[in-house]
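Step one of this worksheet: look at the structure below.
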Amino acid sequence: MYEHRTKKLLSRKAFTKRVLLHVSLALGVIAAVLAIGILGYHFLAGIAWIDALLDASMILGGMGPVSTLQTSGAKIFASCYALFCGLIIIGVATLLIAPFAHRLLHRLHIEGKNEEE
């Protein structure tokens with residue numbers, strides 16, 4: 001997916017396309033995880049759709065739940081979902097930073113190679 005260190009630096013247009021691809025993937029992952037949370041809160045906790053959206057969004061955003069959960073199944077789901085969301089946020093952050101980090105390292109490698117010659 002990324003160019004090898006021996007290849008020249010990607011053009012701005014191609015780099016912008018790469019960043020947009022990473023943003024699209026990140027948004028897709030967030031939408032899928034949010035859907036899992038909404039469905040879980042709605043069907044396992046018996047929460048209304050809009051409240052399930054609120055709870056799932058708050059957990060995914062790291063803010064914490066809003067609704068009080070009554071059943072053990074709902075509490076277990078909320079616990080697993082919260083841990084899952086924590087890992088997803090780390091993954092999404094990595095996905096968004098990756099093209100910039102690669103470009104920086106690639107640029108430093110090219111500059112270092114030019115100085116050696």
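- Ring-plane geometry between Phe15 and Phe100 is classed as perpendicular, the angle between the planes exceeding 60 degrees on a 0 to 90 degree scale with a lower cut at 30.
- One distance of note links CZ of Arg18 with NE2 of His102; it measures 6.0 Å at 0.5 Å rounding.
- Using a 4.5 Å cut-off between side-chain heavy atoms of Ile, Leu, Val, Met, Phe, Trp and Tyr, with links allowed through other members, Leu54 and Val33 fall into different hydrophobic clusters.
- Listed for the Thr94 side chain is a donor-acceptor partner under 3.5 Å among the backbone atoms of Ile90.
- The local environment of CD1 in Ile50 is sparse, with at most 12 non-hydrogen atoms from other residues, nucleotides or ligands closer than 6.0 Å.
- Taking CD1 from Ile76 and CG from Leu69, the interatomic distance works out to 11.5 Å, rounded to the nearest 0.5 Å.
- Residue Ile30 holds its CD1 atom at 11.0 Å from CG of Leu25, rounded to the nearest 0.5 Å.
- Ile88 and Ile97 are assigned to two separate hydrophobic clusters, defined by single-linkage of ILVMFWY side chains at heavy-atom distances under 4.5 Å.
- Taken together through direct or relayed side-chain contacts under 4.5 Å among Ile, Leu, Val, Met, Phe, Trp and Tyr, Met58 and Ile47 form parts of separate hydrophobic clusters.
- Remark: Lys75 NZ to Thr68 OG1 distance equals 9.0 Å, nearest 0.5 Å.
- Taking CG of Leu34 as the start and CG of Leu27 as the end, the distance is 11.5 Å to the nearest 0.5 Å.
- When hydrophobic clusters are built by joining Ile, Leu, Val, Met, Phe, Trp and Tyr residues whose side-chain heavy atoms come closer than 4.5 Å, directly or via intermediates, Ile38 is grouped together with Val29.
- Between His22 and Ala98, the shortest heavy-atom contact is CE1-CB, 4.2 Å.
- The aromatic rings of Phe77 and Tyr81 sit parallel to each other, their planes meeting at less than 30°, with 60° as the upper class boundary.
- Put simply, the residue from Ile59, Leu53, Asp55 that forms a side chain to side chain contact (heavy atoms under 4.5 Å, CB included) with Ser57 is Leu53.
- At a threshold of 4.5 Å between side-chain heavy atoms, the hydrophobic network of Ile, Leu, Val, Met, Phe, Trp and Tyr places Leu60 and Leu83 in two separate groups.
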